[in-house]
**Student:** 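This structure is in structure tokens; I'll ask about it shortly.
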Amino acid sequence: MTHSNGANPSGIKKPALRVIPLGGLHEIGKNTCVFEYGDDIMLVDAGLAFPSDGMHGVNVVMPDTSYLKENQKRIRGMIVTHGHEDHIGGIAHHLKNFNIPVIHGPRLALAMLTGKMEETGVMDRTILQTVAPRDVVKVGQHFSVEFIRNTHSMADSFSLAITSPVGTVIFTGDFKFDHTPVDGETFDMARLAHYGDQGVLCLFSDSTNAEVPGFCPPERSVFPCLDRHIAQAEGRVIITTFASSIHRVSMILELALKNGRKVGLLGRSMLNVIAKARELGYMRAPDDLFVPIKQIRDLPDRETLLLMTGSQGEPLAALSRISRGEHPQVQVKSTDTIIFSASPIPGNTISVVNTIDRLMMQGAKVVYGKGEGIHVSGHGFQEDQKLMLALTKPKYFVPVHGEHRMLVAHSKTAQSMGIPADNILIIDNGDVVQLSPDSISKGDPVKAGIELLDASRNGIVDARVLKERQQLAEDGVITLLAVISTDGVMAAPPRVNIRGVVTTADARKLSMWAEREIGWVLENRWNQLCRNTGGKAPDVDWVGVQREVEVGLQRRLRRELQVEPLIICLVQPAPAGTPAYKGRADAEPDSRPAPRGRDGGGRGRDGSAPAPQRQLATVGAPAPAAAAAPAAAATTVAVKTPAPAELEPEPAGRTRRRRSAAAVG
Ligand SMILES: [Zn+2]
Ligand SMILES: [Zn+2]
């Protein structure tokens, strides 16, 4: 790697161009890139990713945008390359956090973005400017960007030539070289070559298929294969693909027309995208080709083609619901031919094959997989990537848009074309690429990570919540209701509820253990958890009581049963003077008191024998009836205790209401 202070002949240090990907590296998804020069920040794309296994209840994965929030005053604008979710899916969400003065992008992508922005209510946070091929836009003082038409699975897609004071960067966006594109819009290779002749400082190139040798077949190549399957089908044809694969959808509509079949559309995104694309002229199909899904039953099967979402086995998508027999309008027939015209994104494979199995079990003919010629990638293979390198002749090279091994493979391809290894950087999200006319280097990284959103797309699922959900999914949950008087007496036997916990211990044993934990906490912690306010009722840190009980029980279960369920303790406070509950007579001797001292703060149980449990020894009336009833929400405080290491210190005597009793009841 060469290093330079970036000094120009006059000796005045020119700042470096900084390129900071916040997403899209070591992964496929959530492409988000920051270009920075002097005081200007320009964003290129802002996508989302979909959750991986174990991210329970997470619908969308976003990059951490702390860096942008901190520097929002310097954001001058955004460039959008094309309308795929992994490039525009994050924009509406980010606009809730910071304004973007202007967004320049292709007509189709911005039309799709408008829908999302309207839904999110952020239309006033930016200005949308559509661009045409070879348009040049200026962003801030320092950037000018030319939109170069490229070819991809999405229509109206662009590569970018980004000119800055230190030189020109070619940012390919998603691309493959398709010389016979479905919409006739060919790759503007002449423009790439023009920049190559002028001198390209650095190429940032799509690495998705860097491991695949050869050229990517043209999108048109799937046409005859789909045609054959549709022509041979005896009954209905059901096809699933990405709604955003505009060219594929166009071809399917064309094939329906050719084969004398009417089209029924299922799935919100399929309906939306086709409506937008037809409205803007990216898809041509006569109105009478389409039949509302409610009337589809009236058509003969041989004249029916259903086009729907669900190619990734998404549980709520149309085809997945049909496969489970849960769709109100469409049921599988044994005469159906069902075509998966897409390949599963890594991570979705299992849900896809499960969907295929369910469909096959109902007797349908399912066409899927690589050998059928019914799907081609929208991303170039090694030879496409070489052609890009050959046309742009960059001095420096940064492979992007791919998992680590793809970046490495792409870097090898570049080296095979004569780019020295020292001129190539493999980077991670948050890394800072510093470019000057004669150097490329990594600067100090900025904060990067992920933000997880739930279905509402408002609630951020933080690491703690995710861990709780994993615990719930893997080990279940135990809820525990304790009735404790404000003078520290257990007033009723704890009520234990077990959900999803695989254990040899029965509820009786668990409630006995719970009783012991409560007893131990009252005996050993009460003084610390209770502040006597003199005269008035004592100020009890009920949250602290709950945490102590939860942590203690958690430890015991881990030790005795090797399970780690989520434990939620609810305490219903009872007035001072409430008679104590008499401990159960059948309790077996507690031969192994749970070792405490977990906090490492010297609050552990001392070495002496377990103290007699005060409230158990007190003879009193039987438990009040009210105590055994579910706690009244109004008086019940409930908290969930995170793992001990995550505990944040809580001011003594303060009660926080984090989760209502109703939420766990
Ligand atoms: Zn794309
Ligand atoms: Zn992409």
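Only this structure's heavy atoms are used, side chains among them; waters, hydrogens and symmetry mates stay out. For ligands, and for the atoms within them, numbers begin at 1 and follow the listed sequence.
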**Student:** Do Arg76's NZ or CZ and the ring of Phe143 fall within the cation-pi criteria of under 6.0 Å and 45°?
**Tutor:**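 Judged by the rule, Arg76 and Phe143 form no cation-pi pair.
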**Student:** If you take the centroid of each ring, where Trp contributes its six-membered ring, are His87 and His401 closer together than 6.0 Å?
**Tutor:**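 Between His401 and His87, the centre distance is under 6.0 Å.
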**Student:** Would you please indicate if the ring centroids of Phe340 and Tyr368 are separated by under 6.0 Å?
**Tutor:**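 No, too far apart.
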**Student:** With a cut-off of 2.8 Å, does His87 put an N/O/S atom close enough to the Zn ion (ligand 2)?
**Tutor:**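 Under 2.8 Å: His87 contacts the Zn ion (ligand 2) through an N, O or S atom.
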**Student:** The Zn ion (ligand 1) as vertex, arms to NE2 of His152 and ND1 of His84: angle to 10°?
**Tutor:**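 Once rounded, the angle between the two atoms at the Zn ion (ligand 1) is 100°.
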**Student:** Do you know which N/O/S atom name in Asp174 is closest to the Zn ion (ligand 2)?
**Tutor:**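 Going by distance to the Zn ion (ligand 2), the closest N, O or S atom in Asp174 is OD2.
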**Student:** Ring centres under 6.0 Å, that's the criterion: do His247 and His152 meet it?
**Tutor:**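 Between His152 and His247, which both carry aromatic rings, the centre distance is not below 6.0 Å.
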**Student:** I would like to know whether Ile274 and Met270 meet side-chain contact (heavy atoms from CB on, under 4.5 Å); could you show each step before the answer?
**Tutor:** CA-CA 6 Å; Ile274 291 179; Met270 195 59 85; 4.0 Å; yes
**Student:** Of all N, O or S atoms in Asp86, which has the smallest distance to the Zn ion (ligand 2)?
**Tutor:**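 Among the N, O or S atoms of Asp86, the one closest to the Zn ion (ligand 2) is OD2.
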**Student:** If the cut-off is 2.8 Å, does any N/O/S atom of His82 fall short of it from the Zn ion (ligand 1)?
**Tutor:**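 It does; at least one qualifying atom falls short of 2.8 Å.
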